[in-house]
Every structure is written in C-alpha cells, then in structure tokens.
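The structure appears below as structure tokens.
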Amino acid sequence: MSDADEMRSLILACDTSTDMLACALAWWPAHGVSPAAAAGVEVLARADHLCRRHANVELVDTVAAVLEKAGKTMDDVDAVLVGRGPGSFTGVRIGISAAKGLARGANVDLFGVSTLDATAWTAWRAGVRGLVGVAADAMRGEVYPALYRLDERGAVRLYERDRVVKASVAIEEWSSRPDAHEIQLTGDGLVRYGNRFEEAGLMARVLSRDLWWPTGEGLLLAARALIDEAGGSEAALGSGDPALVLPIYTRLSDAEENERRRLGLAESAHMDTTGVADELAGRHLQLRPMGAADAEAASELEAACFEGAGHAPWTPTMFLDELGDGVAAPRSWWVAHDDGKLIGIAGGMVVDKDVQVLDVAVDAGYRRQGIARKLLAHVSYDAQMLGCESASLEVEADNAAAVALYEELGFSRVGIRRGYYGPGIDACVMSASLPLVLPVDAASPEPTSAVHRAWPLSEPRRTDAELAELDRRKPVLAIESSCDETAVAIIDADGTLLANQVSTQIDFHARFGGVVPEIASRKHVEVIVGVVDAALEEAAEALGFKGGALSPKELAAVGVTQGPGLVGALVVGVAFAKGFAYAAGKPLICVNHLEGHLYANLLTTPDLKPPFIFTLVSGGHTMLVHVRAWGDYEVLGETLDDAVGEAFDKVAKALGLGYPGGPIISRLAEDGNPKAIDFPRALNRKGDYRFSLSGLKTAVMLYIEQENKAGRPIHLPDLAASFEAAVFDVQYKKARNALRETGAKEYCIGGGVAANPHLRDMMVRKLSRQGIRVTVPPQNACTDNAAMIAVVAREKFLKGEFSDFSIDADPNMTL
Ligand code: KG4
Ligand code: ZN
C-alpha cells in the first residue's frame, strides 16, 4: 500500500432499493480527514443502470465488473456502503443482504445510508441547486416524500423522519407550501404518479428523468456528508458491523397493521384470530400485542410486581388509555401469557426516534426465563418499525438485577435522576441503540440480532497443524432461509457436521396463526449475519481450534437454498450467500430445499442407496417419490390441495391451539384414541399415488362445529389422534404400494411432519416387518434446518457442481 493509499479508503457502494442498480467504486478520505464532501470522493468506476426486478441476478456480477474496471479486487476494498431505502421492500432487502454478505465475506465495514439522500445528492452532483422534492415510489399508490435544500455545500434535509404517505397526501403537502413553485421534483415515484403531480402544477420544474434514481456516487456523497457533519468521524455511519445495518423502516407489514387496528377494539386479539378463549389457546408460553381485554390483568400483575416499590402501579384505565386512539405518540404494548394467564407485560412510547420504555413486569413465578427480554424485543421491534433508532428507560438505581438485565440487552447508564421514585430513591437512566442485543442461546430461542462487538473481527490465529486440518476437512457452509427459520450449518468433506444453527421466528408469526411472508423476509435480513457468525464459532469449537471462529476464507464453499419457498425469504439467503461467497473468493452452490429434506436421511444412514421410495411431508409439500438414482426422481404422486403440514396447522388453528400445529397436535395425540372418530381417507384406491387433505380438514371442522352446536366438549386428544391416524394411514398405504410396485427395498421420509413420532414409529414398525430397510432423519433435521442443505451442498462440492453469481431464488423449484 502506498502512502497515498493510507490516506484514503476504497469504498464499494451499491443500492437496489429502486429499479436502478446503483453501483460505484471510489476513494474517500481515511478516518479523521474531513475535506468538503464532494472534494473527498473520487469515483474510480461506476455501473449504474436500470434493471427492473433483476437486481439479485445482476448485483454481484455488477460489483465484479466495477472492481475489474478499476483494476481492483474485493481484497482491496476497505468498506461497503449500501442504500437502506426506503424503497421497494424486496429491492432494499436484496441490496442489504448482498452487501452484508460482501462485507462479512471480506471482513470489512458495512455502512448504510438513506436512498432518498443519495437521490438528492445525485441531483446535487448534476449541478441542481435550490429546493428539491424527492418523491420515491412506495408502491400501492404511496410515496416516500423527502424535501431537500441544495446549496454549494451540499444537500440538506428539510424533514425530520422517513415516512410513507399516499401520493395525494404528498401532493397536498407540497402544493400548499408558500414556496411550492420553487420545488424541483425528482424521484422514481414520478414514473407512476407524475401525472398527478402534474395536475397539481408541481411538475413545472421537474428534474430530467435520468436523475430520478439514486447513483453509486450519490450514495457516497450522502455518506460523506454525514461523516463531515461529525467532524470526519466514520462513526457517524455506525460501527461498521454488517450485522447491525438494517433497512430504513417506515411501516409495519399488512398483518401487523391490521392487528394494530383490531387492537383498538375492546376485545381480546386472540378472540378475533381464533374464535376461542385464551384458556385453550395457551398450551405454552406465547407473546402477543396487548388488547383492551388485558387491562385488568395487566394492572394486577403490575401491582404485584411493584409491591413496595417507589412507583404507583398502573390502573386498568391507564392501560386502556394507552391502547386507545387518543394517545399522542405511537405506543407498543406486549403481553406474555401461559395457559391463559397473563404473566408478563412491556410497553413503550415512540418519541423522536426514541422508544421510551414505559413498563416491564413479569410474574414472580416466571422470572429467569428470558420473558422480559422477549417482551422488550417485541416492543423495541415495533418501535424500530415506527422509525426509532434508540431505546431509553428508567430503572430504580439500586435494583441491581434489573440494571444487569438491561445492560445485557445493550443498555448503558446515561444518567441518574435523583429522587425520581420518591425521597432517596434514585432512577438510573439507561439507553441503547436499536436493534437490541439478543444473543443466540438455548434459553431464548428467538430471532436475534448480533451482539455489539468490535468490528472488523481480528483474523484467526492458526497453527500449521490446524491449517493442514482445514485443508483436509474442506468445510462447506450452507444457508437456509426458505420459510421462517434462518439456519446455517457447516459440514466437512467427510460428512461430519461441524455446526448447526437455527434461529426460529415462530414467536413473530404465531400470533397470526401462520407464517407472514413479509415478516419472515424482514427477520431473515436482521439475523442472518448473527446466525452465520454463530455457526463459524461453533465450527471452530468443533474442530478444537483455539484461535477464534472460522473466517470466511477458511471455508471451501458456500451453499444456499435456492428454492422452493417464500420468494421474499429465499432472496435474502441467496443474495447474502452470493455476496459472501464472492467476497471470500469461494465457489457458490445452489441447493433445492426438497432435496435437502431427502438428503437429511444420509445423516442417519450414510450408505442409503437408490432405488428407494421417499415420502416428503412438510408445510408446503406432500409427495411420494421413486428415487431411481441420486438426482433422478420420479414423482409418483403429490397433493391436489393442502400439504400434510398445512392440514396440521389449519386444524390446530381452528382449535385455537396456536402455531405451528404439528408439534401441538402430536403431543395431544399421545393421550388420545386414534379410533375415536372415523375421519375420511381420501383417494384410497390402489395405484393412485395422489393425495388430498382438504376433505379431511373440512371433516374435522364440521366435527368441531357439530360438537359445539350440540354443547358437547371436544376431547382434544381423541380428535388429534384420530386426525393423525387418518393422515398417516394414507401415507403408509401409498408408500407400501409404491414399494411393492417398484420392488424397492429401501424407504425413507423427510419434511417437518416426519418429526412426528407416531408417523416415524408406524413406518419403521410396519415396513420393517415386510423386509424394507426404513430410514428416518434425526428428528431435528426434519423441520427446516441447514444441516440437510449442507449435506446436499457437500455432495455437490465433491462433484464440483458450482453455480455462477447470476442465479436467483426460485420459489417454484420442484424435485
Ligand atoms: O419442513 P418444514 O419445517 O417446512 C416446510 O418446508 O414446509 O415443515 C413444517 C411443517 C409445519 O406445517 C408443521 O406443523 C409440521 O411441519 N410439523 C409437524 C410436526 N412438527 C412439525 N407435523 C406433525 N407432527 C409434528 N411433530
Ligand atoms: Zn421444509
């Protein structure tokens, strides 16, 4: 590195929040140097181009092209800069996920910057001065409105907080300004709503169309401006840890919006979603937003928790006021309940990008289970969605346990309020930046963000023997993000699992009775770096290495689930994996999720050999497959309607038993009589390998309705056992027939429902008797996991079956 190079950093900037794939490589001044923003940025190469819905295909190749144009490689890059939106949800997530992968793979800083700022700076660079209005497209008739003043020094924001509004609201606001005639419009929202701005007379001074999108240089200038404002400190852009860079949020998902609307009603949220009361709903600890019906219990819990403490407990009326429409600042209140009993509450109020935690209380009998932490996670999470960047709270200064809990979550003490809780009782004021620190651990199997840590990480220290070991083991890392689990596993060339991490989002979906795709995608973005890091650490431990977690460069390849699954969820894993593999200089391997469920059987029976019959029963699929050879699949039959797991989930939902239904029903079924109710078995003719579950589901619903009408209590265990029997009978008979017809001597099974002990036992028992060797995967490798993806990735690695960086997620992939 020359002296001149030490004075500056090489920054790779990209943004896919809009139809523009913005990308540029530039020098900027090293830390602590602060010339005027524009003077400091020297673009070496750029590749900004419109690419509608193709960002995931083109991003990494575009990055490669930009680096090549400048004669650089990823190893020369000092930091990655990414546009955080607001913009198209999927677009923002693709850009951020890929950028996280690039930065984590190269172990360099990742910084985020507003895409709207970048658009304003793009205009500035083109010489525009004066008042500029960016109307960015938010889809569905909405825009992100952002007003700037551009002068010689740069672009200055004239608005407080990012928000999303109907295009008509933005038009109304802007045209009623006294300086309306000065506004120079830009932004990709004009593509769709330009004529409406025109009608309002706002298009008179519109900027030229090629400026309506952000550019790579715009991102760089916007970021420099923040640094300069802070006197040259890059800390103005955050810590650089890729785990902590998140999209700019402006609204909740539709599901959450609806829920909040519903909560305005004086009825329990749970009554609304399931039609049954909480006594049935809470088999186990669940979290949900507080509803008006919780006010009494919340007040009692509060009083019990704070008995003898300085502060006066909240009355039911106070809680009702909090939940009503009348509150000035947005609120988020959550409750935890167990078997219908309220056991914890937490609430916060949004003020100026800060969520002020108003209350946290957990029943004395349920302490030390991480419930307060989970509740706070949800409150702070909502707050983040509402634009907050930090959280603050007061706690009694001598309540050491509470102070310690908050410190663990990333809060630090920022002050003391003398006598706040009464004479002699001081309050300790604490604050934390969002997201809160929530380490992955067994006690809190929750979606997590990374621990705040020193970044970049120090390079691992290895002995020669360890390096030789790595060379022999060839660890392959695999990522799974097709549905509601973010999972990462690492496997070696011999097929030994070195790491197997899963971060489940179930808590975030359970209250909606199923997976909300929008939330799933968002959560993957938030936790993916944390889960990858946990796997890299676990693998180093498994190898007995003392010199730190595996580094991306110590891996042999990177695998990822390409499909099938939820598209918004898949793209996160795929974009991350591509950036990660590219930056670390490793080959990329694409894995079919369904093949993953099949290959999970190799974890139990490494010598499993085709031909054999395979039953796939998951939340999205039900198929009977004749595996003639590895990779040569004859699908004998599939479901015509619902998947088996889906049927479990729907029946559980109808009974108000919570989500996911499979594990709950199977636990209930243990004490039930499978012959109690005679449910129908569909398509039960020999030679017919198709499945149909919707008739059975309807029969169960009718049964519930009929019993309810007759005023007879439903015997849940009998219902569950009879339902299972109807499903599994059909599975068994069709598998047996297929085995007979094909003459195969081996059978195996996979998918979430294969975790069901009754199905596993039945298949093993009945088929073994007929001379068939039966394999079932380890129970934790049945529901979605990355170990199974790693098994496939390893096979492909050994065969050299690599993918190029232009692959995209494929939500409709089949076997
Ligand atoms: O394979 P998976 O984790 O996700 C998909 O790829 O779909 O399968 C999830 C499904 C859910 O519908 C869940 O209810 C079901 O597997 N499941 C079970 C059990 N555990 C999970 N179904 C029956 N019995 C179980 N013990
Ligand atoms: Zn699955």
Side-chain angles (χ1 to χ4, degrees), residues 4-5 7-18 20-49 59 62-63 65-67 69-70 72 74 76-85 87 92 95-96 98-99 102-103 106 108-128 132 134 146 148 150 152-157 186 210-238 240 242 245 248 579:
D5 285 1
M7 296 300 294
R8 50 193 194 168
S9 314
L10 190 65
I11 313 291
L12 172 70
C14 56
D15 185 346
T16 60
S17 309
T18 68
M20 177 66 72
L21 197 170
C23 186
L25 185 72
W27 290 115
W28 79 16
H31 203 69
V33 182
S34 175
V41 174
E42 181 196 335
V43 176
L44 297 181
R46 59 188 98 220
D48 308 302
H49 65 284
L59 183 53
T62 303
V63 165
V66 159
L67 285 167
K69 230 192 278 181
K72 302 287 181 192
M74 213 42 220
D76 301 315
V77 170
D78 296 301
V80 179
L81 175 67
V82 68
R84 300 169 55 211
V92 173
I96 291 191
L102 287 166
V108 297
D109 286 339
L110 177 64
F111 299 125
V113 71
S114 153
T115 300
L116 303 178
D117 286 2
T119 309
W121 276 95
T122 298
W124 183 88
R125 174 42 102 210
V128 177
V132 168
V134 181
Y148 295 83
L150 273 51
E152 275 323 301
R153 302 198 47 231
V156 178
R157 276 189 190 213
T186 186
D210 56 322
L211 295 176
W212 288 2
W213 291 269
T215 56
E217 187 174 12
L219 294 165
L220 289 153
L221 293 173
R224 271 321 299 181
L226 295 174
I227 292 175
D228 295 337
E229 237 171 72
S233 164
E234 278 176 11
L237 298 179
V245 174
I248 290 174

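The OG atom of S233 sits 11.0 Å away from atom CG of D228, with the distance rounded to the nearest 0.5 Å. To the nearest 0.5 Å, atom CD of residue E217 and atom CG of residue D48 are 8.5 Å apart. Here the CD atom belonging to E234 is positioned 6.0 Å from the CD1 atom belonging to I11, to the nearest 0.5 angstrom. We find the CG-OG1 distance between L67 and T62 to be 11.0 Å, quoted to the nearest 0.5 Å. The distance from the CG atom of L25 to the CD atom of E42 is 10.5 Å, given to the nearest 0.5 Å. Here the CZ-CD1 distance, from F111 to I227, works out to 6.5 Å after rounding to the nearest 0.5 Å.
Under the rule for a side chain to side chain donor-acceptor pair (under 3.5 Å), the partners of T115 that lie at least two apart in sequence or sit in another chain are D15, S17. Applying the side chain to side chain donor-acceptor pair (under 3.5 Å) test to T122 and every residue at least two apart in sequence or in another chain returns T215. Under the side chain to side chain contact (heavy atoms under 4.5 Å, CB included) criterion, A223 pairs with W28, L81, V113, L237, sequence neighbours left out. With sequence neighbours left out, A123 forms a side chain to side chain contact (heavy atoms under 4.5 Å, CB included) with V128, L150, L207. Every residue two or more places apart in sequence or in another chain that forms a side chain to side chain contact (heavy atoms under 4.5 Å, CB included) with A45 is listed here: V66, K69, A70. Partners of A103 under the side chain to side chain contact (heavy atoms under 4.5 Å, CB included) rule, at least two apart in sequence or in another chain, are V80, V108, L110, P242.
The nearest pair of heavy atoms linking L220 to A13 is CG-CB, 3.9 Å. Nearest heavy-atom pair across G154 and W121 is CA-CH2, 3.3 Å. G40 and P29 make their closest contact through O-CD, 3.2 Å (heavy atoms, listed as atom of the first residue, atom of the second, distance). When every heavy atom of R84 is checked against every heavy atom of V92, the shortest pair comes out as O-CG1, 3.7 Å. Here the closest non-hydrogen pair linking G95 and L59 is CA-CD2, 4.3 Å. Residue G216 comes nearest to A22 through the heavy atom pair N-CB, 3.6 Å, listed as atom of the first residue, atom of the second, then distance.
Here the side chains of D117 and Y148 are in contact, with some heavy-atom distance below 4.5 Å. In this structure the side chain of T16 never reaches within 4.5 angstrom of the side chain of C14, judged on heavy atoms. For the pair K72/L12, no side-chain contact is recorded, criterion being any heavy-atom separation below 4.5 Å from C-beta on. A 4.5 Å side-chain heavy-atom check between T18 and W212 finds every atom pair outside the cut-off.
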Output, in order, the C-alpha distance, side-chain angles, deciding distance and verdict of side-chain contact (heavy atoms from CB on, under 4.5 Å) for L10 and W27.
CA-CA 5 Å; L10 190 65; W27 290 115; 3.9 Å; yes
